[in-house]
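Shown next, in structure tokens, is the structure this report addresses.
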2 protein chains.
Amino acid sequence: MTERDPVILIAEDDLAQQKLLIYNVEREGFVAIGAETGEEAYQQLKLHDPDIVILDWMMPGINGIKLCKIIKGDRKTRNIPVLMISARTEEEDRVRGLDSGADDYLIKPYSISELLARVRALLRRARPTIAGTRLTYEDIELDPVRHLVTRNDNRIELRPTEYRLLEAFIEHPGRVWSRQQLLDRVWGRHIFVEDRTVDVHVGRLRKALCENGGSDPFRTVRGVGYSLG
Amino acid sequence: MTERDPVILIAEDDLAQQKLLIYNVEREGFVAIGAETGEEAYQQLKLHDPDIVILDWMMPGINGIKLCKIIKGDRKTRNIPVLMISARTEEEDRVRGLDSGADDYLIKPYSISELLARVRALLRRARPTIAGTRLTYEDIELDPVRHLVTRNDNRIELRPTEYRLLEAFIEHPGRVWSRQQLLDRVWGRHIFVEDRTVDVHVGRLRKALCENGGSDPFRTVRGVGYSLG
DNA sequence: ACATGATTGTCATAAATTTGACATATTTCT
DNA sequence: AGAAATATGTCAAATTTATGACAATCATGT
């Protein structure tokens with residue numbers, strides 16, 4: 001009945017970067033295993049059978065692409081999701097990255113929140129029971145797989161930003177988010193958007209969710225931010 | 001218990017630019033330290049242990065990137081947030097900027113308001129809320145994550161100032177706070193508010209907590225101040 | 001490449017809530 | 001009782017949030 005915490009293997013040769021990733025990923029409740037080379041990563045992979053692998057593109061020895069091809073070539077490891085990280089920006093690389101079999105692809109610099117969001121998404125796909133295929137709060141339901149939101153089984157149309165916003169809220173019902181935290185999580189870490197913009201989008205989300213009647217599920221916490229419930 | 005103002009180290013070789021930054025940053029209530037070279041910045045860093053470092057990319061001697069790598073490579077200074085400023089616009093530079101470990105990145109020309117917003121954001125992130133633990137005193141409970149207060153499981157509605165006030169009290173049950181100490185902690189050190197205003201807010205807090213019956217949990221220490229319990 | 005419609009961030013303004021001060025009442029201590 | 005300190009109701013001012021409008025940007029299909 002008790003499910004183990006998701007195990008994440010992080011292959012990244014820049015140790016500072018690796019530690020940062022491990023820190024953040026563990027804070028999310030995952031178990032993290034670090035590896036500095038492709039070879040080490042491969043050993044750890046065999047040993048721990050992780051739920052997801054984060055691979056840096058460039059690494060000494062077996063690099064990210066090679067390792068990814070190895071993982072995807074072995075039927076024992078084939079269905080472990082791989083998230084590739086790269087500093088390159090060229091579209092061609094992006095294609096090659098996914099060509100190697102990676103399930104997702106992230107370009108440096110990326111925001112930690114974006115990485116975590118993608119990790120969660122991959123986990124949901126691979127282990128539906130962990131993240132739950134459906135996130136619900138009261139009569140609101142968000143289906144991440146179908147990218148669909150309903151309230152009382154009525155379909156709610158949300159724009160991309162509103163959807164991601166609701167996603168954040170519904171993953172932690174009751175938690176109060178500061179505007180800055182929401183910007184980090186929903187908009188991304190290194191972009192500059194006014195704090196007040198959050199108000200506008202929360203307003204739009206409220207409106208969308210209350211369109212067909214129903215009370216406002218959000219709480220405005222004056223001087224702090226917002227929470228769902 | 002007195003918190004120092006955030007100290008900002010500004011490494012910028014263009015003196016006019018530096019002065020402008022210092023002026024604006026100090027107007028925000030920060031303490032600013034200027035440095036014209038990488039070497040000087042490093043000395044000041046060691047000396048003052050700033051809360052955040054603003055680095056110009058191009059500087060004589062040790063430049064911004066090098067210094068950033070030094071900062072991020074030393075575990076003593078690693079978690080001081082670094083904001084890199086650069087005149088370059090190429091995407092590749094942006095990548096390299098964050099790659100060097102900078103926590104954020106700003107391209108000239110930038111607006112002062114954007115810079116200040118990013119500084120504030122970095123400071124907020126660096127001081128994460130000591131969340132997770134619920135704070136309790138007798139039947140009073142304060143949940144920092146949900147930003148919710150209950151007494152005997154009855155929800156208590158508090159206004160921002162009352163909430164922060166209770167937060168201070170409940171973190172140190174039994175401690176007697178002088179009005180000045182409460183002003184420092186709850187209102188902030190730089191603003192001027194009458195001592196007597198504390199009385200009013202303690203009164204409001206008392207009223208809110210006793211709304212649904214229950215005895216007054218606070219103690220008025222005549223000639224000194226107040227305490228919880 | 002281009003047009004077109006949707007989405008998004010910002011701003012101005014309105015609305016709502018909170019706040020600090022003060023006057024007055026009450027309590028406490030000697 | 002008298003003096004000093006604290007408690008409390010009231011209210012204008014200040015702060016914070018909600019919302020509609022709009023230009024810029026983005027995405028999509030041709």
Side-chain angles (χ1 to χ4, degrees), chain A residues 91 147 149 156-168 176-180 182-188 190-211 215-228, chain B residues 110-114 116-118 120-121 147 149 156-169 176-211 215-228:
Chain A
E91 182 64 18
H147 215 271
V149 176
I156 306 278
E157 298 289 347
L158 292 183
R159 278 161 284 194
T161 308
E162 287 148 32
Y163 178 87
R164 290 202 305 280
L165 195 54
L166 179 59
E167 198 173 38
V176 175
W177 297 75
S178 73
R179 292 176 174 76
Q180 197 57 52
L182 286 171
L183 287 177
D184 280 2
R185 161 73 202 261
V186 176
W187 276 259
H190 53 273
I191 63 138
F192 175 63
V193 175
E194 289 288 330
D195 271 21
R196 288 285 151 213
T197 298
V198 174
D199 298 26
V200 175
H201 284 274
V202 169
R204 287 170 180 163
L205 187 50
R206 275 176 157 149
K207 192 171 162 190
L209 286 172
C210 298
E211 202 96 299
S215 61
D216 177 8
F218 292 97
R219 186 161 57 102
T220 298
V221 183
R222 217 151 212 282
V224 184
Y226 301 93
S227 82
L228 176 62
Chain B
Y110 53 86
S111 70
I112 289 292
S113 64
E114 177 170 2
L116 291 174
R118 284 172 188 265
R120 278 190 298 263
H147 216 272
V149 176
I156 306 280
E157 298 288 349
L158 293 182
R159 277 161 289 191
T161 307
E162 287 147 34
Y163 180 89
R164 290 200 304 278
L165 197 53
L166 178 59
E167 203 171 33
F169 278 122
V176 178
W177 296 74
S178 75
R179 291 176 175 77
Q180 200 53 54
Q181 286 170 333
L182 286 171
L183 285 177
D184 283 1
R185 159 74 202 255
V186 175
W187 276 259
R189 211 152 3 109
H190 43 291
I191 66 150
F192 174 71
V193 175
E194 289 287 331
D195 269 22
R196 286 289 148 210
T197 298
V198 173
D199 298 25
V200 175
H201 284 274
V202 170
R204 285 170 180 163
L205 186 50
R206 276 176 157 147
K207 189 172 162 189
L209 286 172
C210 299
E211 202 96 297
S215 61
D216 176 8
F218 292 97
R219 192 157 52 98
T220 300
V221 184
R222 210 181 156 79
V224 184
Y226 301 94
S227 83
L228 176 62

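Residue numbers start from 1 in every chain, and the chains themselves are labelled A, B, ... in the order their sequence lines are given, proteins ahead of strands.
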Could you tell me which residues satisfy side-chain hydrogen bond (donor to acceptor under 3.5 Å, both in side chains) with [X], sequence neighbours excluded, listed by chain and number?
| X | value |
| --- | --- |
| B:Thr220 | B:Arg206 |
| B:Arg204 | none |
| B:Glu211 | none |
| A:Thr161 | none |

Please work out if B:Tyr226 contacts a base, only the sugar-phosphate, or nothing of the nucleic acid, heavy-atom cut-off 4.0 Å.
sugar-phosphate
List in chain and number order the residues that pass side-chain contact (heavy atoms from CB on, under 4.5 Å) with [X], two or more places apart in sequence or in another chain; answer none if no residue qualifies.
| X | value |
| --- | --- |
| B:Asp195 | B:Arg179, B:Gln180, B:Leu183 |
| B:Ser113 | B:Ser111 |
| B:Pro160 | A:Arg222, B:Arg164 |

Which atoms of nucleotides 25-27 of chain D (N or O only) lie under 3.5 Å from a protein N or O atom, and what are those distances?
none

Filter on ring pair (Phe, Tyr, Trp, His ring centres under 6.0 Å), then keep only pairs touching residues 188-208 of chain B, sequence neighbours left out; what's left?
B:Trp187-B:His201
Quick one: is B:Thr220 getting a side-chain N or O under 4.0 Å of the D:dA7 phosphate, OP1 or OP2?
yes
Quick one: what's the B/S/- string for nucleotides 19-30 of chain C, heavy-atom cutoff under 4.0 Å, read 5' to 3'?
BBBB-----BS-
If the helix axis at each end comes from five base pairs, how far does the helix from C:dA1-D:dT30 to C:dT30-D:dA1 deviate from straight, to 10°?
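The value is 50°.
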Nearest-Å distance for atom pair CD/C1', residues B:Glu157 and C:dT18:
14 Å
List the residues meeting salt bridge (charged side-chain N to carboxylate O under 4.0 Å, His left out) with A:Arg159, not counting sequence neighbours, and say none if there are none.
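With sequence neighbours excluded, A:Arg159 shows a salt bridge (charged side-chain N to carboxylate O under 4.0 Å, His left out) to A:Glu162, given in chain and number order.
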